[in-house]
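Take a look at the structure below.
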There are 2 protein chains.
Amino acid sequence: MSTPTVYDVAERAGVSIATVSRVYRNPDSVRGETRERVLASARELGYVPSGSARGLASRSTGVLGLCYPDFHDAEADSATASDPGEVTLYSDEVIRGMERAARRHGYALLIASSHADEAGVRLTEVAGRVDGLAVLAQAVPDEALEMVARRVPVVVLAGEPYDGLDHVKVANFDGQLQITRHLLSAHRLRRLAFVGGPADSPDGEARFLGYQAAHLEAGLPLPAEPDLRGDLTQAAGRQAVETLFGASAKGSRPQGLVFANDQMAVGGLHALQERGVDVPGDIAVTGFDGIPLSRLVRPTLTTVLQPMGRLGVEAVELLVARLAERDRAPEARLLPVAAVLRESCGCPAGTGA
Amino acid sequence: MSTPTVYDVAERAGVSIATVSRVYRNPDSVRGETRERVLASARELGYVPSGSARGLASRSTGVLGLCYPDFHDAEADSATASDPGEVTLYSDEVIRGMERAARRHGYALLIASSHADEAGVRLTEVAGRVDGLAVLAQAVPDEALEMVARRVPVVVLAGEPYDGLDHVKVANFDGQLQITRHLLSAHRLRRLAFVGGPADSPDGEARFLGYQAAHLEAGLPLPAEPDLRGDLTQAAGRQAVETLFGASAKGSRPQGLVFANDQMAVGGLHALQERGVDVPGDIAVTGFDGIPLSRLVRPTLTTVLQPMGRLGVEAVELLVARLAERDRAPEARLLPVAAVLRESCGCPAGTGA
DNA sequence: GCGCTATCTGAAAGCGCATACAGAACTCTG
DNA sequence: CAGAGTTCTGTATGCGCTTTCAGATAGCGC
């Protein structure tokens, strides 16, 4: 009496459950007249096929999954989320890109964020209900990842490639190379400083390599290490400026400040402004990521725009490909990246998007 | 040999499948020693429980669903999605809010967008695999909604309340009332024009009612109909301005232009600028929604900020409540809304967020 | 060491569907 | 109209898990 099943529909239509199933899975294999009869009973009964039963019987769910980290404080939700523009997240774009791509391929998307502690559990839970899974770097512990990868195709997004798994990342090296080259060559700067991320951030390190490469190319002395490191927050950016421009700062000031991400760059921008240092007049500043805020700050921030939506799209593509051919070789894709030249490096306003 | 099941784990651990199941569902009901043995075998085998089998046997999936419209042209994807700031969608915030709330309650979130044509199919597909379902207004045909609602709890988001279903919407009436009152009273304007949405948009109509109410309150003649209607796009906003300010415009120009949403308002702003009409000097302009773009345009746009994230959160709350008590009375929630007064209505810059 | 209770484990029966296989009905030919 | 195809439908089985019920085992007092 509660939710109708194939049995109910079959009985009402005077056919067997096999026929009912066929009407949904393979309509052409059922005579038109019979099909109509079945569909009519289904409609009358309000029959909705059970995804679980379907998945169990057919060994596939028609769902792709995405696990991503969300460090947002759940409690503060209503308070901080009041301003939509501010909180556009990295993951939103990945989700959107992935959902659209998934739809094109006939899949729905199951998403699950995770705090570090429960990440493993969340992961296996979604892994158990999807045909393929994308994992945003650092979202889950390696151990869990490995287990899960034995069950469903997994593609790792950003971060470090994982042994034997498909992988998509953006061209961190290239991006930083481009933008550093721009400072060095177009703006003819000679002394730059790099504010990196934590040493264990693969993305951050790749960016530093690009920074180094640009120096190499320009025939300048190769910086061995980032001049400073921060934790990628705005606060860290401020801190970096304090250190570089503070009373105890040694040596000559750099002509350009290259931050490993936008957040820090924005923090740095604020700190510079407070100190009365003109950007880009006195010093050029660049970021990385292309967060929305980078267009809102004054001066607008020169940065590298990451194609987050693409990440999601490529993830789906890789999953679909692997689903079609399970034993293909693991593939790593590198997404091109575009430098956006704005005011903070000394380019005229309106040059970039 | 492929994906291990309870049987494999049970055999390896020397227990029955019932015990394996218990280890996952109700760990305390299994002796510690046995439990460890089972978990060890599971780890060694790389066992990941099948969500489908679980769902089938337990009649619940641990997943909530969201169906939302996405009118984005899938093909144009890579081209247009390059700028993240621009494309922050309405649905992104709902998704994020819902995912977080769902996580708090131990659920994952299944999302599926839909074009109109396939909406019905998509809906039943997700309905078949979730414990509860949120549907963004206009995302699906009524007929499909009704069928689905017989199977799982459904909450309708925004738009029109649906008979017998839980419903959450934002205070369109209130918001438009506030903002219109502001124009009428704080700025002492007398002649306004309202650019509405399609007549079949419940949100748009509710806003118009608020607009009317403000006139009523101010003792001004009651506008019977929106002065113009558009399809809620920027183009429609431009069009509206063309019509009102074009050669064939009749009567005196309004002192304020009230758009039913931000998109149109932004389009209108551009058109006014091209015609050399000063905003807010010559005419005030307001929008509705609080899209990120509303802060980026010059002058910044006075608007009503919709708590989209809240919509998602409330949806989850209602679903969880109904899941706990299936036959509670349908509940309708109205989310409060906040007017954001910015430059375009004549308020000083920086007044609003 | 016995009987009793409390705890733990196993056997078995589905959950709702897909699908292989076989059988029924129908369509053509000659 | 018989026989060979062809198309359509039904029977039966199993997908991997949860859960009830009963049986086994352990703990305890006397």
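Numbers restart at 1 for each chain; the letters A, B, ... are given by sequence-line order, proteins then strands. All values reported here derive from a predicted model rather than from experimental measurement.
Comparing A:Val48 and B:Gly14 along DNA chain C, the residue whose closest nucleotide (by nearest heavy atom) sits nearer the 5' end is B:Gly14.
Residue-level contact check: A:Ser52 touches neither bases nor backbone, having no heavy atom under 4.0 Å from any strand. A:Val20 comes within 4.0 angstrom of nothing in the nucleic acid, heavy atoms only.
For A:Arg22, whose side chain is taken as the heavy atoms from C-beta onward, the closest listed nucleotide among D:dG10, C:dA18, D:dC17 is D:dG10. Of the candidates C:dT19, D:dC15, C:dG16, the closest approach to any side-chain atom of A:Ser21 belongs to C:dT19. For A:Arg31, counting side-chain heavy atoms from C-beta on, the closest listed nucleotide (D:dT9, D:dA12, D:dC17) is D:dT9. Distances were taken from every side-chain heavy atom of A:Pro49 (C-beta onward) to each of C:dC17, D:dC15, D:dT18; the shortest belongs to C:dC17. Checking C:dG10, D:dC15, D:dT9 against every side-chain atom of A:Ala57, the shortest atom distance belongs to D:dC15. Closest contact between the side chain of A:Ala18 and the listed nucleotides D:dT11, D:dC17, C:dA11 involves D:dT11. Side-chain atoms of A:Val30 lie closest to D:dT9 of the nucleotides D:dC17, D:dC15, D:dT9. Checked against C:dG14, C:dA12, C:dA18, the side chain of A:Ser58 finds its nearest nucleotide in C:dA18.
The separation between B:Asn26 atom CG and D:dT18 atom C1' is 12 Å, rounded to whole Å. Rounded to an integer number of Å, the gap from B:Tyr24 OH to D:dT18 C1' is 15 Å. Atoms CD (A:Glu125) and C1' (D:dC17) sit 14 Å apart, rounded to a whole Å. Distance CZ (A:Arg54) to C1' (D:dG14): 18 Å, rounded to an integer number of Å. The CG atom of B:Leu45 sits 14 Å away from the P atom of D:dG16 (whole-angstrom rounding). Between the P atom of C:dG10 and the CD1 atom of B:Ile17 lies a distance of 11 Å, rounded to the nearest Å. In this structure, CG of A:Asp28 is placed 16 Å from C1' of D:dT9, rounded to the nearest angstrom. When the P atom of C:dC8 is taken as reference, atom CD of B:Glu33 falls 12 Å away, rounded to whole Å.
At a threshold of 4.5 Å between non-hydrogen side-chain atoms, the residues A:Val135 and A:Leu145 count as touching.
Between B:Tyr47 and the phosphate of D:dC17, there is a side-chain N or O to OP1/OP2 separation shorter than 4.0 Å. Taking only side-chain nitrogens and oxygens, B:Thr5 never comes nearer than 4.0 Å to OP1 or OP2 of D:dC15. At C:dA18, one or more side-chain N or O atoms of A:Arg25 fall inside 4.0 Å of OP1 or OP2 (strictly under the cut-off). For the pair A:Ser50 and C:dG16, the criterion of a side-chain N or O lying under 4.0 Å from OP1 or OP2 is not met. In this model, the phosphate group of D:dT9 is not approached by any side-chain N or O of A:Thr19 to a distance below 4.0 Å at OP1 or OP2.
Side chain to side chain, B:Ser52 and A:Arg129 fail the donor-acceptor criterion of an N or O pair below 3.5 Å.
Between A:Glu33 and A:Arg35 there is no salt bridge, since none of the side-chain N atoms of the basic residue sits less than 4.0 Å from a carboxylate O of the acidic one. With salt bridges taken as basic N to acidic carboxylate O contacts below 4.0 Å, none links A:Arg103 and B:Glu125. Ion pairing of B:Glu331 with B:Lys169 is absent here, as no side-chain N (NZ or NE/NH1/NH2) approaches a carboxylate O to less than 4.0 Å.
For a distance-only test at 3.5 Å, the side chain of B:Tyr7 qualifies as a donor-acceptor partner of the base of D:dC17.
The distance from the OG1 atom of B:Thr19 to the CZ atom of B:Arg22 is 5.0 Å, given to the nearest 0.5 Å.
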